[in-house]
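One structure is given below, encoded as structure tokens.
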Amino acid sequence: MRILLVEDDIMIGESVLDCLRAEHYAVDWVKDGNAAELATRTDTYDLILLDLGLPKRDGLTLLRDLRTRKDRTPVLIATARDAVSDRIAGLDAGADDYITKPYDVDELLARMRALIRRSAGRAEPVFEHDGITIDPQSHAAMVDGSPVALTAREWAVLEPLIARPGMIFSRAQLEEKLYSWKDSVSSNAVEVYIHGLRKKLGPNLIQNVRGVGYVIPKT
Ligand code: CA
């Protein structure tokens, strides 16, 4: 899951960034409205967390532009607790939901999950295959009843595969899920994480399709 965090307050931005990364989201953080617009034009996101008061170009203008361009990416706006008029303006401009600052982290995560689920049109069913159970909500994995700990990056590679069994993902597509743009991408990174996942989840779950990519077979 790839998130665009638009926040000009450094302290708030850093704490949200830490919290989202701990929850295994890939996050790009931009600090003004122009950078946010550029990001929405050059990348695709599963969700945009948008502060409304921003330098250079305010969040509402950005949001209206986004919707004018028919970009339906879920947008969660952040407003001050007493700023009812901002909230209404934001929802009218095409925001999907709002959260008030200061953030309650658990509420933020719950609202994000709900929006991502809604936009994906699915209730994130628990994945079960050949003794392997994976809960997309909690990222908890079990093999033959024993819990297996996955790293954030292993999860980033695994998540699209279990979400769509039978669909082949190229290495480049998985790489995109793996990193936010400031991280360096080594050429064999996806192979490394697939190797790690196979050690933890068994050799047969994720299959290579030679020259094309990776797939988890439909059961
Ligand atoms: Ca602000």
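All values derive from a computational prediction rather than experimental measurement. These values consider heavy atoms only, across backbone and side chains, with no hydrogens, waters or symmetry-generated copies.
The cluster map of Ile, Leu, Val, Met, Phe, Trp and Tyr, joined by side-chain heavy atoms under 4.5 Å apart, puts Met167 and Leu197 in the same cluster. By the criterion of side-chain heavy atoms lying less than 4.5 angstrom apart, applied directly or through intervening Ile, Leu, Val, Met, Phe, Trp or Tyr residues, Phe169 is not grouped with Val209; the two fall into different hydrophobic clusters. Taking hydrophobic clusters as Ile, Leu, Val, Met, Phe, Trp and Tyr residues chained together by side-chain heavy-atom distances below 4.5 Å, Leu158 does not share a cluster with Met142. Both Val212 and Val215 sit in one connected hydrophobic cluster of ILVMFWY residues. Membership requires side-chain heavy atoms under 4.5 Å apart, directly or through other members. Val157 and Ile168 sit in two unconnected hydrophobic clusters of ILVMFWY residues. Membership requires side-chain heavy atoms under 4.5 Å apart, directly or through other members.
Shortest non-hydrogen contact noted between Ala141 and Leu201 is CB-CD2, 4.4 Å. Minimum interatomic distance between Leu60 and Ala93 (heavy atoms only, all atoms of both residues): CD2-CB, 4.0 Å. A pairwise comparison of heavy atoms in Glu191 and Tyr214 identifies CG-OH, 3.5 Å as the closest pair. Of all the heavy atoms in Pro55 and Asp8, the pair that sits closest is CD-CB, 3.5 Å. Closest approach of Arg2 and Asp28 over heavy atoms only: NH2-OD2, 2.8 Å. Contact between Thr68 and Arg64 at its shortest, heavy atoms only, is OG1-O, 2.7 Å.
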Checking Lys31 against Ile10 for the side chain to side chain contact (heavy atoms under 4.5 Å, CB included) test, could you report, in this order, the C-alpha distance in whole Å, the side-chain angles of both residues, the deciding distance, and whether it holds? CA-CA 8 Å; Lys31 302 176 187 71; Ile10 300 297; 3.7 Å; yes
Report the C-alpha distance between Asp92 and Ile88 in whole Å, list the side-chain angles of each, state the deciding distance to 0.1 Å, and finish with yes or no for side chain to side chain contact (heavy atoms under 4.5 Å, CB included). CA-CA 6 Å; Asp92 281 346; Ile88 293 167; 3.8 Å; yes
Given the rule in the side chain to side chain contact (heavy atoms under 4.5 Å, CB included) test, do Leu49 and Glu7 qualify, once you have shown the distances and angles that lead to the verdict? CA-CA 8 Å; Leu49 179 57; Glu7 174 59 72; over 6 Å; no
How far apart are the C-alpha atoms of Thr100 and Arg87, what are their side-chain angles, what is the distance that settles it, and do they pass the side chain to side chain contact (heavy atoms under 4.5 Å, CB included) test? CA-CA 9 Å; Thr100 54; Arg87 234 171 279 161; 3.7 Å; yes
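Note that the OG1 atom of Thr61 and the CG atom of Leu52 stand 10.0 Å from one another [nearest 0.5 Å]. With rounding to the nearest 0.5 Å, the separation of CZ in Arg198 from CD1 in Ile206 is 6.5 Å. Between the OG1 atom in Thr73 and the OH atom in Tyr45 there is a gap of 9.5 Å [rounded to 0.5 Å]. Between the CD atom in Glu23 and the CG atom in Leu109 there is a gap of 5.0 Å [rounded to 0.5 Å]. Atom CD1 of residue Ile77 and atom CD1 of residue Ile48 lie 12.5 Å apart, to the nearest 0.5 angstrom. If you take CZ on Arg113 and CG on Leu47, they are separated by 12.5 Å, rounding to the nearest 0.5 Å.
Around atom OH of Tyr98, no more than 12 heavy atoms belonging to other residues, nucleotides or ligands sit under 6.0 Å away.
Contact check for Leu63 versus Leu50: side-chain heavy atoms found under the 4.5 Å cut-off. Side-chain contact between Val6 and Val75 is absent, with no heavy atoms from C-beta onward closer than 4.5 Å. Residues Val27 and Val16 form no side-chain contact, since every pair of their non-hydrogen atoms from C-beta on lies 4.5 Å or further apart. In this structure, the side chains of Pro160 and Leu174 come closer than 4.5 Å at one or more pairs of heavy atoms. Counting only heavy atoms from C-beta outward, the side chains of Arg69 and Thr40 approach each other to under 4.5 Å.
Between Arg67 and Asp96, at least one side-chain N (NZ, or NE/NH1/NH2) sits under 4.0 Å from a carboxylate O, which counts as a salt bridge.
Ring geometry for His139 against Trp155 counts as parallel: the plane angle stays under 30°, on a 0 to 90° scale with 60° as the upper cut.
Listed by chain and number, the residues in a side chain to side chain donor-acceptor pair (under 3.5 Å) with Asp9 amount to none (sequence neighbours excluded).
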